Amino acid sequence: MTPDIDARPSDTPPAPYDPATIEPRWQQRWAERATNQPDMDGARRPFYALMMFPYPSAEGLHVGNLFAFTGSDISARFHRLLGHDVFQPFGYDAFGIHSENYALKMGAHPMELTPKNVLNFQRQVERAGFMVDWRSKVDTSRPDYYKWTQWVFLQLYKQGLAYKKAAAVNWCPTDKTVLANEQVEGGRCERCGTPVEQRFLEQWFFRISAYAERLLNNLDTLDWSNITKHAQRNWIGRSEGAELQFRVDGAEETVRVFTTRADTIYGATYLVLAPEHPLVDQVTTPGQRDAVRAYQESTGRQDLVSRKSVKEKTGVFTGASAINPATGARIPIWIADYVLMEYGTGAIMAVPGHDERDFEFAGVFGLPITRVVAAAGSDASEPLDTAFTDDADGYLVNSGAFDGMSVAEAKGRVTAWLAEGGHGKAVVNFRLHDWCISRQRYWGPPIPIIYCDDCGTVPVPESQLPVELPFIPDFKPDDSGVSPLARHEEWYRVPCPTCGKSARRETDVSDTFLDSAWYFLRYPSAGHEDVPFDGERTKKWLPVNSYIGGNEHAVLHLLYSRFVTMVLHDGGHIPFEEPFTRFRAHGMIIREGAKMSKSKGNVINPDSYMEQWGADAFRMYLMFLGPYEEGGDFQDKGIVGVRRFLDRLWATVRDATSEGAPDPDVMRKLHRTIKKTGEDSARLGYNTAIAAMMEYMNAMRRGDRVAHRDEVLPLVQMIAPYAPHLAEECWETLGHTTSVFDGGWPTFDPAMLVDDSYELVVQVNGKVRGKVQVAMDATQDAAVAAALTDAGIAKFITGEIRKVIFVPKRLLNLVV
RNA sequence: GCGGACGUGGCGAAAUUGGUAGACGCGCCAGCCUUAGGAGCUGGUCCUUCACGGGGUCCCGGUUCGAGUCCGGGCGUUCGCACCA
């Protein structure tokens, strides 16, 4: 229904457009005309625009979701206008602890609650007018999806990359489950903040550490936000060093240590093993046994917060000694909890002279401190009152044949010398650990493994997938260390797929991050029942051209997705090994300078804003309030400015004339605006793109002038990605019958960007003293002459001009 | 502690390669129109000064004809990693 234009005399103020009428209408038309559905098999210029799918909380879409999605939608729509066949799907990360915990809190069952939440999300996403192809909806909690999540697990298993081991794992006593290292922040559960405990459990792991080097190296080839790459590099934590061997004095054993400072070997005055180190029992002398055991026990009782926080050094002597391979000296072997079993070899050579932690430890227990590195030009005989850790400009002392050598050189030379003697080798160590994917919870895909007394661990045959998650009323996790599914023998008791004898299913489910590590592969093939992803579709649409999401997933989701993609590539399933060609992290929205939180009661409700101002105004305001990649401050009153702008656009379109010719000055401004808006939209510079369109609108309406149809039409096209409903309405009002998104992006004429003269800024001694109009190709002499004829400038020329700096098209600086 | 990013009006923010600081918007002020206005339109709005000028991008110093931008030092905010050997 078009508003009745004739009913509004032209001397009344421009009537605001009515989003409540036009937005649902266009959403319905898009659905009817299949506007948002690319030809999945025949597309000629496929472009896969992906936004991180949300977990469907019961609260509904958060404004942060909407901010993220809008930026992605604008990018998708912009590429559509540029002529690409854009595929933008949407889905729900519906499995996982988030959803399960919420169900527990509400006293509901996740299997009943989740579909409701999904429906609510879908309503909101449709309300915001995103260009989503709903044919490809994905819901990770549905059997037709997690069937293939289990398939992915089996591929890893087949490739020897999934294994089970008993290990010290992070256990959250509140969520009652194991957590991946990535889900522990500062020793606390990232979800509920509870201090994490150590437990020894049999867990399934993925061997992501085997891909560490590749995950690191490939980063150089990716067009990703730098902060994200940086976070991944940090997380992978590549560290070059040496693994050195210390023979235990009077025994067969050898202690292997990892060090990045092999050059300091002459200063290694003792060794330290992690309390859990397997050699501890063997080397400990009878006299020290009780003390060592007591220390091990107290360490084991510690939760990981205190274990990993920096605190006063503690430790116990084992009574044993090792031989320093460089000096031949006997050095004591200690255990201490500042050495972590999970990093390196779980043992270190302590060099108190050149490591702060070792220095502190040596101080507490009176162990010898030797200087083996000195700063250039310093007195090497001075005792150390603190560890000297500078490895940039140090040289070796007290180090035999290596004295005088720089640290940098000695690192390699000492390692080589020790290697020759059979005492070690150069190694690269990574901080990245294998990915623990077992969860002792209910709301996830059962891990597709069966244990048979005769056949051992048997993977569920692919033909028997999915292993369906049963509806059980008692899904609440407990402290037992096993999943609620383990309470249901009728579910886990199954015949062995190999021998047919009674066997037992794995009762743990897999980590939510496995669900989301491959969903982008599913979208183009959603609905295909017999394959996880169709070969042709995958080849056509992947890898993803543009991925936009939050940087909080920099080391979790994004790293796991890359890993799974590499594994599937190596298994011959897909022809590429990196899933996301371009990734951009959006920023965070705060409100009136403060973080939003439920407890503060300052959370923005997107529904009410869209109701009051319209989805277009809300979308556009979110994009206008700051740089997309940095986020911004949502000021409640700010949205009126955007709404006014949209009202003016509507009024301008309604009143536009086709008579006469467009104004040349306005047209020059138009072409400049097309250029800037296009460039800004491409680089996600949405706030400045919108500002440029506002400027153009101001130019078009300056004074009381009525805009020409040819002036306003391209603005409608430019604004379409930002305010799609209003753009369609305007486009139709201007006489079109097809979608504005089939009308293309306006082009600018470079000839229209150049003027024949420009305003030259004139400085005298670096201070701006005036401006003169000069020809575009004015020479320096012409510019100086023009400047001197300007009285306001000339009066500052008090003496001889000693120097002239002329920057054509910019400024003239006269130095007197 | 290590590493990254950032610091600009009353507020959100703009500013190619160093080249008119504050675009665009909010708010505020004035005017117009209105029975009215939390509507619309027009103009103004960094500080100081009657004016001419002068000062101004966290602070100090440097390079340069010229610095928000580059360099050195400091302060502050924020993010990532953190007893990682």
Side-chain angles (χ1 to χ4, degrees), chain A residues 11-16 185-187 226-228 230-235 237 239 241 257-261 264 272 307-313 336-340 342-351 354-358 360-361 389 429-433 551-552 554-555 588 590 592-593 621 624-627 630 632-642 644-645 647-648 651 679 685 687-698 701-704 759-771 792 795 802-807 809-816:
Chain A
D11 58 334
T12 57
E185 282 173 6
N226 275 330
I227 38 167
T228 313
H230 196 260
Q232 291 216 348
R233 288 197 183 100
N234 256 342
W235 191 260
S239 169
V257 305
F258 174 73
T259 180
T260 56
R261 294 295 303 275
T264 61
V272 187
R307 170 65 195 269
K308 288 196 175 181
S309 62
V310 182
K311 55 184 185 291
E312 196 168 305
K313 295 284 175 288
D337 68 355
Y338 81 93
V339 174
L340 307 175
E342 67 204 49
Y343 186 75
T345 61
I348 61 158
M349 66 176 204
V351 184
H354 305 287
D355 181 281
E356 282 165 19
R357 295 152 301 182
D358 298 343
E360 191 195 335
F361 189 84
T389 57
N429 199 48
F430 292 94
R431 210 186 71 96
L432 182 68
H433 295 108
N551 208 42
E552 67 273 17
V555 293
M588 289 242 301
I590 57 173
E592 304 289 351
Y621 178 54
F624 183 60
L625 49 75
E630 287 166 39
D633 189 0
F634 190 100
Q635 301 187 326
D636 295 352
K637 287 179 180 164
I639 192 171
V640 307
V642 169
R644 280 178 193 148
F645 170 61
D647 284 335
R648 270 175 238 164
E679 287 167 356
N687 56 332
T688 51
I690 292 168
M693 289 189 276
M694 287 173 166
E695 267 188 79
Y696 176 61
M697 172 80 83
N698 294 342
R701 289 171 62 92
R702 199 169 309 286
D704 264 340
E759 191 175 64
L760 178 71
V761 173
V762 181
Q763 298 182 333
V764 178
N765 291 340
K767 281 188 192 299
V768 177
R769 295 303 184 186
K771 295 154 197 174
K795 72 177 178 185
R802 290 185 296 147
K803 190 170 177 184
V804 176
I805 291 105
F806 178 56
V807 186
K809 304 199 173 105
R810 276 195 196 285
L811 62 61
L812 178 71
N813 188 11
L814 304 172
V815 184
V816 297

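It should be emphasised that the depicted structure is a prediction, and the values quoted were computed from it without experimental measurement.
- Using N1 to N3 plus N6-O4 or O6-N4 for Watson-Crick, or N1-O2 and O6-N3 for G-U wobble, each under 3.5 Å, C52(B) pairs with nothing.
- Of all heavy-atom pairs between V272(A) and Y338(A), the closest is CG2-OH, 3.8 Å.
- For the C1' atom pair drawn from U64(B) and A82(B), the interatomic distance equals 42 Å after rounding to whole Å.
- Counting to the nearest Å, the P atom of G38(B) and the CG atom of D636(A) are 19 Å from each other.
- When rounded to the nearest whole Å, the span between CZ of F645(A) and P of G40(B) equals 15 Å.
- Put simply, the side chain of D633(A) gets close to the backbone of E592(A): a donor and an acceptor are under 3.5 Å apart.
- Between U45(B) and C52(B), the two P atoms lie 14 Å apart (nearest whole Å).
- Positionally, the nearest nucleotide of RNA chain B for E592(A) lies more toward the 5' end than for the other of Y338(A) and E592(A).
- What you find for M349(A) and R261(A) is that their closest heavy atoms are CE-O, 3.5 Å.
- In the set U20(B), C81(B), C83(B), the nucleotide with an atom closest to the side chain of D337(A) is C83(B).
- Residue I348(A) has its side chain nearest to A85(B) when only A85(B), G12(B), C81(B) are considered.
- Only the P atoms considered, A21(B) is 16 Å distant from C58(B), to the nearest whole Å.
- Using a 4.0 Å heavy-atom criterion, one finds that K767(A) contacts the sugar-phosphate atoms exclusively.
- Judged by a 6.0 Å distance limit and a 45° cone about the ring axis, K313(A) is not positioned over the six-membered ring of F361(A).
- When the P atom of C81(B) is taken as reference, atom CZ of R233(A) falls 16 Å away, rounded to whole Å.
- Look at the C1' atom in both G9(B) and A23(B): the space between them is 13 Å, to the nearest Å.
- C41(B) and C26(B) are spaced 10 Å apart, taking the P atom of each and rounding to whole Å.
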Return the polar atom pairs (N/O with N/O) between nucleotides 62-66 of chain B and the protein under 3.5 Å, or none.
| residue | atom | partner | partner atom | Å |
| --- | --- | --- | --- | --- |
| C65(B) | OP1 | K803(A) | NZ | 3.4 |
| C65(B) | O2' | N813(A) | ND2 | 3.4 |
| C65(B) | O2 | N813(A) | ND2 | 2.4 |

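- Spacing between C71(B) and G18(B) at atom C1', rounded to whole Å, works out to 13 Å.
- When both distances must be under 3.5 Å, the Watson-Crick or G-U wobble mate of C2(B) is G80(B).
- For U16(B), the base has a donor-acceptor partner in the side chain of R810(A) [N/O atoms by modelled type, under 3.5 angstrom].
- Nucleotide G19(B): paired with C65(B) (Watson-Crick or G-U wobble, both distances less than 3.5 Å).
- Taking syn as a glycosidic angle within 90° of 0, G9(B) qualifies as syn.
- In this structure a side-chain-to-backbone donor-acceptor pair under 3.5 Å is missing from Q763(A) to L811(A).
- Under the Watson-Crick or G-U wobble criterion, with both distances below 3.5 Å, G43(B) is paired with C29(B).
- Under the Watson-Crick or G-U wobble criterion, with both distances below 3.5 Å, C24(B) is paired with G12(B).
- The interatomic distance linking M588(A) (CE) with A5(B) (C1') rounds to 15 Å, in whole Å.
- Regarding L814(A), its CG atom lies at a distance of 14 Å from the C1' atom of G19(B), rounded to whole Å.
- Between Q232(A) and N234(A), the closest side-chain pair of non-hydrogen atoms is not below 4.5 Å.
- The distance from the CG atom of L340(A) to the CD atom of E342(A) is 5.5 Å, given to the nearest 0.5 Å.
- Nucleotide C2(B) holds its P atom 21 Å from the CH2 atom of W235(A), rounded to whole Å.
- Distances from the side chain of V768(A) to the nucleotides A85(B), G19(B), U20(B) place U20(B) closest.
- Of the possible polar contacts, none joining the H354(A) side chain to the T264(A) backbone as a donor-acceptor pair under 3.5 Å is found.
- The distance from atom OH of Y343(A) to atom CZ of F430(A), rounded to the nearest 0.5 Å, is 9.5 Å.
- When the P atom is used for both C59(B) and C75(B), the distance is 15 Å, rounded to whole Å.
- Straight-line distance from the NE2 atom of H230(A) to the C1' atom of A82(B): 14 Å, rounded to whole Å.
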Output a table of nitrogen or oxygen pairs between the protein and nucleotides 22-28 of chain B separated by less than 3.5 Å.
| residue | atom | partner | partner atom | Å |
| --- | --- | --- | --- | --- |
| A23(B) | O2' | E695(A) | OE2 | 3.0 |
| G25(B) | OP1 | N698(A) | ND2 | 3.3 |
| C26(B) | OP1 | R644(A) | NH1 | 2.4 |

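- A straight line from CE of M697(A) to P of C41(B) spans 11 Å, rounded to a whole angstrom.
- Looking at L814(A) and V804(A), their side chains come closer than 4.5 Å, going by heavy atoms from C-beta outward.
- Residue-to-nucleotide proximity on RNA chain B shows that, of I227(A) and P627(A), the 5′-proximal contact is made by I227(A).
- Rounded to whole Å, the separation between the P atoms of C32(B) and C70(B) comes to 49 Å.
- U57(B) makes up no base pair with any nucleotide shown, lacking Watson-Crick or G-U wobble contacts both under 3.5 Å.
- Counting only distance, with no hydrogens or angles, the side chain of D355(A) and the backbone of D358(A) share a donor-acceptor pair below 3.5 Å.
- Looking only at distances, a side-chain donor or acceptor of N813(A) sits under 3.5 Å from a matching main-chain atom of G766(A).
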